[in-house]
Structures are given as structure tokens and as C-alpha cells.
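Taking it in order: structure first as C-alpha cells, then the write-up.
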Amino acid sequence: QVQLVESGGGLVQAGDSLRLSCAASGRTFSGNAMGWFRQAPGKEREFVAAINWSSSSTSYADSVKGRFTISRDNTKNTVYLQMNSLKPEDTAVYYCAARKKSYQVIDSAAYDYWGQGTQVTVSS
């Protein structure tokens, strides 16, 4: 079992930056692929970014490529999402997720553990 707690969300203006953190605890972390997803009001949850266990491979949604960066620190059991050049359309609840497997995928159904989410609001 892996417990995930997100932090770092908030209200910012368009063009600003935020860094989300996801602290993991439980049975294992370093062997798990990790992902970030988001859900805006009235919309389905969507993939944002993912990283494999060793940080050697990452994946991004086209909408965030070049603006967001996912990273992890296995010594701190933490995964990060650095978000730059934020846009109003980035407004959503952001969720951290973990897989039991070591390689990342973009399908939310493939993730086994989820955090409670952190709100990110970007004003224009």
C-alpha cells in the first residue's frame, strides 16, 4: 500500500509558476512509476505527466509539453510537478498517482494509488 499526499497548489495569475509536490509513504516508492493527472470542473480526469522509477523516462500531455516538468527524488519519496507559464486552462484539481509497476503510462486506469488532490487556479 502506498499513501500519497499532494501539496503546493494555489491561486496564481497567468504566466506564473507553481511547483506541486507529492509525498509518498508506505510499502515502496522508488520502484513505482508516478504520474500527475488533473480534473477541471465538468471535465473528465486527464493525463498531465508521468515518470518511471529511475527518472530515465518521462511522458507529457501535449497541452503541457515545454511548460511542465515532472521529477522525483527517491531519497525523499517525493515526486514534483514544476509548472511554468501557467494558463487559465490549467485550472483544475491535480492528482498524484502511483503504479505498482516501474514504467510509466498515460492511462489513469493503470495507476493503483491516488492522492486526494490539490487545487490549482490560474486567473487571467
Next on the checklist: So which atom in Gly8 and which in Leu18 form the shortest heavy-atom distance, rounded to 0.1 Å?
Outcome noted: O-CD2, 3.6 Å
Item to check | NZ/NE/NH1/NH2 to OD/OE distance under 4.0 Å, Asp90 and Lys87 | outcome: no
Next on the checklist: For the CG atom of Asp107 and the CZ atom of Phe37, what is their distance to the nearest 0.5 Å?
Outcome noted: 7.5 Å
Checklist entry - Any chain of hydrophobic side-chain contacts (each under 4.5 Å) joining Val93 to Trp36? => result no
Checklist entry - Between atom CZ of Arg72 and atom CG of Asn52, what is the distance when rounded to the nearest 0.5 Å? => result 7.5 Å
Item to check | Verdict with reasoning, Tyr60 to Ile70, per side-chain contact (heavy atoms from CB on, under 4.5 Å) | outcome: CA-CA 9 Å; Tyr60 294 94; Ile70 188 171; 3.4 Å; yes
Next on the checklist: Going by side-chain contact (heavy atoms from CB on, under 4.5 Å), Tyr113 matches just one of Gln1, Gln3, Met34. Which one?
Outcome noted: Gln1
Checklist entry - Which heavy atom in Gln116 sits nearest to a heavy atom in Val5, and how many Å separate them? => result OE1-CA, 3.8 Å
Checklist entry - Are the side chain of Asp112 and the backbone of Lys100 linked by a donor-acceptor contact shorter than 3.5 Å? => result yes
Item to check | Point-to-point distance, once rounded to the nearest 0.5 Å, from OG of Ser21 to CG of Leu81 | outcome: 9.5 Å
Checklist entry - Under 3.5 Å, side chain of Asn74 to main-chain N/O of Trp53, donor-acceptor pair present? => result yes
Item to check | Reported CD-to-CD distance for the pair Gln39 and Glu44, which is rounded to 0.5 angstrom | outcome: 8.0 Å
Checklist entry - Between Glu6 and Gly117, is there a donor-acceptor pair closer than 3.5 Å when you use the side chain of the first and the backbone of the second? => result yes
Next on the checklist: For the CD1 atom of Ile51 and the CG atom of Asn32, what is their distance to the nearest 0.5 Å?
Outcome noted: 12.5 Å
Next on the checklist: Restricting to non-hydrogen atoms, name the atom on Ala14 and the atom on Ser124 that form the minimum distance, rounded to 0.1 Å.
Outcome noted: CB-CA, 4.4 Å
Item to check | Shortest non-hydrogen contact from Ser59 toward Gln104 | outcome: OG-NE2, 3.1 Å
Item to check | ILVMFWY network linking Tyr80 to Leu4, side-chain heavy atoms under 4.5 angstrom | outcome: no
Next on the checklist: Check the orientation of Tyr94 and Phe68. Use parallel for under 30°, tilted for 30 to 60°, and perpendicular for over 60°.
Outcome noted: tilted
Checklist entry - Does a side chain donor of either Ser71 or Gln82 reach within less than 3.5 Å of an acceptor in the other side chain? => result no
Checklist entry - When you measure from the side chain of Arg99 to the backbone N and O of Ala110, does any donor-acceptor pair fall under 3.5 Å? => result yes
Next on the checklist: Which label fits Trp114 and Tyr95: parallel for a plane angle under 30°, tilted from 30 to 60°, or perpendicular past 60°?
Outcome noted: perpendicular
Item to check | Separation of Met83 CE from Asp16 CG (nearest 0.5 Å) | outcome: 11.0 Å
Checklist entry - Can you check whether Ser54's main-chain N or O pairs, donor with acceptor, with Ser56's side chain at less than 3.5 Å? => result no
